[in-house]
Q: 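The structure under discussion is supplied below as structure tokens; questions concerning it will follow.
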Amino acid sequence: MSVMQKVLTTAAMATSLAATTTAANAQDMRIALVVKALGIGFFEAAAKGAEEAAGELGGTEIIYTGPTDTTAEGQIEVINSLIAQGVDAIAISANDPDALVPALKKAMDRGITVISWDSGVAPEGRMMHLNPSSTELIGNTILKLAADHMPDGGDVAILSASATATNQNAWIEAAKAVLPNYPGINLVATVYGDDLSDKSYREAQGLMATYPDLKAIIAPTTVGILASCQAVTDEGKIGQVNVTGLGLPSEMAGCVESGATESFAIWNPIDLGYAATYIAHELAAGNAAAEPGASISMGRIGAVTLDDTNTGAMSDPFTYDASNIEEFKSIF
Ligand code: RAM
């Protein structure tokens with residue numbers, strides 16, 4: 001092939017790509033918002049944000065989907081079905097950083113835009129990852145929320161989601177890294193409730209039985225924090241064991257009111273779903289490229305800047321307590 005022919009072929013490819021892009025831009029872009037599991041309030045709030053972004057962008061349909069439990073196997077089935085449906089983009093909160101890589105690679109090979117958000121996929125399985133906030137900041141925040149109410153120090157335990165969840169594992173690691181900054185706070189155990197209410201409840205009960213001097217349960221999961229609050233309440237341990245971590249104001253209002261929870265934190269999950277959808281759209285439409293240093297629009301939220309691993313963060317978490325819970329409990 002002559003140089004000129006090559007140039008022409010490349011130009012033709014560019015034109016046909018542009019044509020596809022325009023078609024996707026104009027109408028019928030289907031973006032799948034794949035969550036860890038269905039039935040979790042946090043993800044339902046994110047889906048609201050996804051719908052909001054789709055409405056603003058126009059011509060965009062959101063397919064809100066996920067398995068019934070927080071497993072990688074369940075998500076692989078969902079991904080394969082989305083590949084078969086030929087969606088334009090998959091935005092996934094992963095139950096495992098590595099297990100989903102082959103299925104997501106297959107999706108990208110078929111021309112599907114793949115990003116992770118909330119809970120990440122290893123770099124080779126996605127084009128970029130959107131963290132809700134800085135991992136270090138979240139790790140420090142969850143520990144500080146407990147320590148702030150423990151003037152004399154004491155034992156704390158972590159009740160997490162699933163043992164393979166990328167986001168919780170990263171936050172726990174970040175919390176452990178700053179433990180030396182909180183002298184007198186002993187982390188005695190980390191247990192996993194798999195983001196299932198009943199399992200999380202039993203794990204919280206187990207912690208209180210095994211560690212009678214426990215002063216705080218730190219649950220960096222909206223499912224785990226609520227289940228822990230219920231377990232502490234049922235055991236009559238309000239005032240002895242403070243439940244904290246990451247929760248939804250709408251679900252945690254009663255826990256703050258009863259005193260089972262002094263304070264907790266979260267970012268806005270509606271904004272997170274909105275931002276993930278906006279980014280997926282921009283990449284699928286060819287309006288942005290996922291590469292280190294890139295700045296990609298998140299619509300009304302601003303722009304995200306990607307680091308060397310094509311990872312960026314949306315915003316900072318916010319702390320809720322008796323002073324502001326009323327204001328936020330009807331929003332998310
Ligand atoms: C649960 C999920 C989600 C996490 C929140 C804080 O809803 O585990 O991935 O971001 O908690």
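Computed from a predicted structure; not experimentally measured. Just so you know, ligand 1 is whichever comes first in the structure, and atom 1 is the first atom listed for that ligand.
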Q: List every atom of ligand 1 that sits less than 4.0 Å from any heavy atom of Gln168, numbering the atoms from 1 in the order shown and giving each element.
A: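 Those qualifying, in numeric order: 2 (C), 4 (C), 8 (O), 11 (O).
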Q: Please tell me whether Thr244 and Asn242 have a donor and an acceptor in their side chains that are separated by less than 3.5 angstrom.
A: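 No, Asn242 and Thr244 have no side-chain donor paired with an acceptor closer than 3.5 Å.
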Q: If the contact criterion is a heavy-atom separation under 4.0 Å, does Asn167 count as touching ligand 1?
A: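 For ligand 1, residue contact (heavy atoms, under 4.0 Å) with Asn167 is present.
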Q: Number the atoms of ligand 1 from 1 as they appear, then name those within less than 4.0 Å of a heavy atom of Ile40, with their elements.
A: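 In order of numbering, the contacting atoms are 7 (O).
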Q: What are the two closest heavy atoms between Ala147 and Tyr182, and how far apart are they?
A: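 Scanning both residues, the minimum pair turns out to be CB-CD2, 3.5 Å.
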Q: Do you see a donor-acceptor pair shorter than 3.5 Å between the side chains of Ser81 and Glu77?
A: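 Short answer, no.
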Q: Has ligand 1 got any nitrogen or oxygen that is less than 3.5 angstrom from a nitrogen or oxygen of Trp171?
A: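 N/O-N/O distance below 3.5 Å does not exist for this pair.
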Q: So which heavy atom in the protein is nearest atom 2 (C) of ligand 1, and how far is it from that ligand atom?
A: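 Answer, as residue, atom name and distance: Asp195 OD2, 3.3 Å.
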Q: Just to confirm my output: which protein heavy-atom neighbour is closest to atom 7 (O) of ligand 1, and how far is it?
A: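 For atom 7 (O) of ligand 1, the nearest protein heavy atom comes out as Thr222 OG1, 2.6 Å.
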Q: To the nearest 0.5 Å, what is the distance between NZ (Lys106) and CD1 (Ile83)?
A: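 Going from NZ on Lys106 over to CD1 on Ile83, the span is 4.5 Å.
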Q: Hey, looking at atom 6 (C) of ligand 1, which of Val35, Ile266, Leu272, Asn95 has the closest heavy atom?
A: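 The nearest heavy atom belongs to Ile266.
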Q: Please confirm whether Ser93 comes within less than 3.5 Å of ligand 1 when only nitrogen or oxygen atoms on both sides are compared.
A: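 Between Ser93 and ligand 1 (N or O atoms, distance only) the closest approach is not under 3.5 Å.
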Q: Based purely on interatomic distance, does Asp118 place a nitrogen or oxygen under 3.5 Å from a nitrogen or oxygen of ligand 1?
A: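 For ligand 1, there is an N or O atom that lies under 3.5 Å from one belonging to Asp118.
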Q: Can Ser263 and Asp321 be counted as having a side-chain donor-acceptor contact under 3.5 angstrom?
A: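 On atom types as modelled, these side chains do not qualify, holding no pair under 3.5 Å.
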Q: Under 3.5 Å, N or O to N or O, is Trp267 touching ligand 1 that way?
A: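 Not met; the criterion fails.
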Q: For the atom pair CG (Leu130) and CD1 (Ile115), what is the distance rounded to the nearest 0.5 Å?
A: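 Reported value, rounded in 0.5 Å steps: 6.5 Å.
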Q: Is a side-chain donor or acceptor of Asp155 paired with a backbone partner of Asp213 at a separation under 3.5 angstrom?
A: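 Here the side-chain-to-backbone pair does not exist.
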Q: Find all atoms of ligand 1 within a distance of less than 4.0 Å from any non-hydrogen atom belonging to Thr221, and give their numbers and elements.
A: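 Per the distance check, 11 (O).
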Q: Which atoms of ligand 1 have any heavy atom of Phe43 under 4.0 Å away?
A: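 In order of numbering, the contacting atoms are 3 (C), 9 (O).
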Q: Using a distance-only test with no angle check, is there a side-chain donor-acceptor pair under 3.5 angstrom linking Ser116 and His129?
A: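 Looking only at side-chain atoms, His129 and Ser116 do form a donor-acceptor pair, the distance falling under 3.5 Å.
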